[in-house]
Amino acid sequence: QVQPVESGGGSVQAGGSLRLSCAAPGYTGSLTCLAWFRQAPGKEREGVAAVVTDSGWSYLSDSVKGRFTVSQDHAKNTVYLQMNSLKPEDAAMYYCAAKRIGVGCLPLTPAQYNYWGQGTQVTVSS
């Protein structure tokens, strides 16, 4: 499988928005979980969103529900994480990860995911 590639990180003020992209060629045509994780310094990696490729299923963690949305563009083999109303506690390195669907995409834990991107940094200033 091809490694996912993230983009779209940056620096914003609290209350601002960013859209992250995860290019995942080679994952279409077979049910795959594509997920977004984040990790802040000194903290564990946390799963925040997931989709199943070529389906309408998606998931958002309680920590981002109502502020973030996750979507996919099948034609572009890309998954997006739209982040609105950003808070300083959202600042982290954000990673895209993939796994075959198997028994499902949840629980959204790093150990369940096999293929990882390099990450994109999100900074939120208060």
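These values consider heavy atoms only, across backbone and side chains, with no hydrogens, waters or symmetry-generated copies.
- In this structure, the side chain of Ser21 does not engage the main chain of Gly8 through any donor-acceptor pair within 3.5 Å.
- Scanning both residues, Pro4 and Cys22, for their nearest heavy atoms gives CB-SG, 3.7 Å.
- Rounding to the nearest 0.5 angstrom, the gap separating the CE atom in Met93 from the CD atom in Glu6 is 9.0 Å.
- Within the 4.5 Å cutoff, side-chain heavy atoms of Tyr113 are placed close to those of Leu108.
- In the model, Tyr94 has a side-chain atom that pairs as donor or acceptor with a side-chain atom of Arg38 under 3.5 Å.
- Val52 has its side chain out of reach of Thr32: every pair of non-hydrogen atoms, C-beta onward, lies at least 4.5 Å apart.
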Scan the side chains in residues 57-68 for donor-acceptor partners under 3.5 Å anywhere in the protein, sequence neighbours excluded, and list what turns up.
{"from": "Ser61", "atom 1": "OG", "to": "Ser63", "atom 2": "OG", "distance (Å)": "2.9"}
{"from": "Asp62", "atom 1": "OD1", "to": "Lys65", "atom 2": "NZ", "distance (Å)": "3.4"}
{"from": "Ser63", "atom 1": "OG", "to": "Glu46", "atom 2": "OE2", "distance (Å)": "3.0"}
{"from": "Arg67", "atom 1": "NH1", "to": "Ser85", "atom 2": "O", "distance (Å)": "3.0"}
{"from": "Arg67", "atom 1": "NH1", "to": "Asp90", "atom 2": "OD2", "distance (Å)": "2.6"}
{"from": "Arg67", "atom 1": "NH2", "to": "Ser63", "atom 2": "O", "distance (Å)": "3.1"}
{"from": "Arg67", "atom 1": "NH2", "to": "Asp90", "atom 2": "OD1", "distance (Å)": "3.0"}
{"from": "Arg67", "atom 1": "NH2", "to": "Asp90", "atom 2": "OD2", "distance (Å)": "3.4"}

Tabulate below the donor-acceptor pairs under 3.5 Å that side-chain atoms of residues 119-126 make, not counting sequence neighbours, or state none.
{"from": "Thr120", "atom 1": "OG1", "to": "Gly9", "atom 2": "N", "distance (Å)": "3.0"}
{"from": "Gln121", "atom 1": "NE2", "to": "Ala92", "atom 2": "O", "distance (Å)": "3.3"}
{"from": "Ser125", "atom 1": "OG", "to": "Val12", "atom 2": "O", "distance (Å)": "3.4"}

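- Rounding to the nearest 0.5 angstrom, the gap separating the OG1 atom in Thr69 from the CG atom in Leu81 is 7.0 Å.
- Ser17 and Asn84 are linked by a side-chain donor-acceptor pair at a separation below 3.5 angstrom, with hydrogens and angles left out of the test.
- Residues Tyr80 and Asp73 form a side-chain contact, since some pair of their non-hydrogen atoms from C-beta on lies under 4.5 Å apart.
- With Leu34 as reference, Val79 is the one residue of Asn77, Val79, Thr78 to meet the side-chain contact (heavy atoms from CB on, under 4.5 Å) rule.
- Within 6.0 Å of atom CD in Gln118, 12 or fewer heavy atoms from other residues, nucleotides or ligands are found, so the atom counts as exposed in its surroundings.
- To the nearest 0.5 Å, atoms CH2 (Trp116) and OH (Tyr95) are separated by 8.5 Å.
- Residue pairs satisfying the ring pair (Phe, Tyr, Trp, His ring centres under 6.0 Å) criterion with at least one member in residues 2-21, sequence neighbours excluded, are absent.
- Between atom CD of residue Gln72 and atom CG of residue Asp54 there is a gap of 6.5 Å, rounded to the nearest 0.5 Å.
- Side chains of Met83 and Leu20 form a contact here, defined as non-hydrogen atoms less than 4.5 Å apart.
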